Amino acid sequence: MLQQTTIAAVRDYYTAWMKRFPTINSLAQASEQEVLRQWEGLGYYSRARNIHKSAQVLDAAGTELPKDYKELLKLPGIGPYTAAAISSIAFGLPHPVIDGNIKRILCRIFLWPKWNKERETQASACLDKWIKPGPAGDFNEAMMELGQKICTKSSPQCGQCPFNSLCLAHKENRQNEIPEATSSRQIIKKTCLIICVHHNHILMTEKKQGLLKGLWVFPALQGHELSPVLEWLKKHDADFKGPLVLKIQNHLYTKYKDQLLPLVFRLESTISLNEEKGCWIPLDKIGDFPMASVYRKIVGELEKCLEKKNTRFICLP
DNA sequence: AATACGGGGCC
DNA sequence: GGCCCAGTATT
């Protein structure tokens, strides 16, 4: 859960997760849909699918979580950081972790402008030496916390840092320029969401690949033009009223800003989707279906809208 | 070596 | 509105 996610965001999810999946077996037995439902809102959903898969691998083998770094590394979703964190913090083995905090700390100590493969090797050798005297897990947690609390990205508190006497960045008073800032500009996307309503059911599909894989989404078309949407409805023989245009919701992820325009259509009868395999979901069951936060929000907006007696669906000529 | 992959919190 | 976060898998 903590991969690229703040402790504050994780804490409540972790508590609920451990209550629902207290053992490897209980996680292995659960459906992927329920696993994703528990993860909903945390993002990076491949993490949920991977930990589920790992639980199933261990459960099938009848083994516990391995203590060994290289064995941990074989499990899906466990990379160098997580393998080192588990083997050191959970099992006390002398393996240094290298996370974003520690990369920043070492860049400053050695005045490295940026991180690369070469630095990875140098850092491992260095940390191996530093970690030797005491408990590896404590050292690793202390280093990460140093980065989180003292050697912060912006305005680091060098006066309180135990490394300040040997830190080259601090020596040259360049702690604010190290490591180099990276910048990438935002890419705007525009998407129409086709929200078909029939009585108390809405039409959604389970995403089979790419972004939000395994989660439920509305049929969507690129762009904000209405005509392709009407074309789509015609192709699926929809007898509809609408659209009812809901407020645009921005779906922000990594470098993208996807402006989602929800278009609601009232259908006289159900339609079936060709390749995507749509599912008409009763609104009182919608909570069981995992979906991204922005889609959950749009469902909420839709429900508010449908509750109003005077909601009018435009009839297009 | 780059890029895909979420979402919430902070300034 | 832009940036960041106890990274990993894929290209």
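Please read these numbers as outputs of a predicted model, since none were measured by experiment. Numbers restart at 1 for each chain; the letters A, B, ... are given by sequence-line order, proteins then strands.
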Notebook entry, point to check: Residues in side chain to side chain donor-acceptor pair (under 3.5 Å) with A/Gln157, at least two apart?
Noted result: none
Check: Between atom CE in A/Met1 and atom P in C/dG7, what is the gap in whole Å?
Finding: 15 Å
Note to self: Taking any atom closer than 4.0 angstrom to a non-hydrogen atom of chain A, what span of DNA chain B does the protein reach, first nucleotide to last?
What the structure shows: B/dA1 to B/dG8
Margin query: Over all strands shown, is A/Ile102 touching base, sugar-phosphate only, or nothing at heavy-atom distances under 4.0 angstrom?
Written below: nothing
Note to self: Using a heavy-atom cut-off of 4.0 Å across all strands, would you classify A/Lys213 as base, sugar-phosphate, or nothing?
What the structure shows: nothing
Notebook entry, point to check: Between atom CG of A/Leu212 and atom CD of A/Glu206, what is the distance when rounded to the nearest 0.5 Å?
Noted result: 12.0 Å
Margin query: Show every ring-ring contact (aromatic ring centres under 6.0 Å, His included) that has at least one partner inside residues 154-203 of chain A, sequence neighbours left out.
Written below: A/Trp130-A/Phe163
Next item on the list: Could I get the full list of side-chain contact (heavy atoms from CB on, under 4.5 Å) partners for A/Thr254, not counting sequence neighbours?
Entry: A/Tyr44, A/Tyr256
Check: Of all residues at least two apart in sequence or in a different chain, which pass the side chain to side chain donor-acceptor pair (under 3.5 Å) check with A/Glu32?
Finding: none
Check: How would you list, by chain and number, every residue that makes a side-chain contact (heavy atoms from CB on, under 4.5 Å) with A/Ala85, sequence neighbours excluded?
Finding: A/Tyr81, A/Ile89, A/Val97
Margin query: Need one value for A/Gly147: base, sugar-phosphate or nothing, where a base atom within 4.0 Å counts as base even if backbone is also close, heavy atoms only.
Written below: nothing
Margin query: Restricting to side chain to side chain donor-acceptor pair (under 3.5 Å), what partner residues turn up for A/Ser26, sequence neighbours left out?
Written below: A/Thr23
Margin query: Can you list everything that forms a side-chain contact (heavy atoms from CB on, under 4.5 Å) with A/Pro262? Sequence neighbours excluded, please.
Written below: A/Ile195, A/Leu246, A/Ile298
Margin query: Let's see if you get this right: which residues in residues 286-303 of chain A place a heavy atom under 4.0 Å from DNA chain B?
Written below: A/Ala292, A/Ser293
Check: So which of residues 107-131 of chain A are in contact with DNA chain C, with a heavy-atom cut-off of under 4.0 Å?
Finding: none
Show each protein N/O and nucleotides 3-5 of chain C N/O combination with a separation under 3.5 Å, one pair to a line.
{"from": "C/dC5", "atom 1": "OP1", "to": "A/Arg104", "atom 2": "NH1", "distance (Å)": "2.9"}

Margin query: Using the side chain to side chain donor-acceptor pair (under 3.5 Å) criterion, which residues pair with A/Ser88? Sequence neighbours excluded.
Written below: A/Asn140
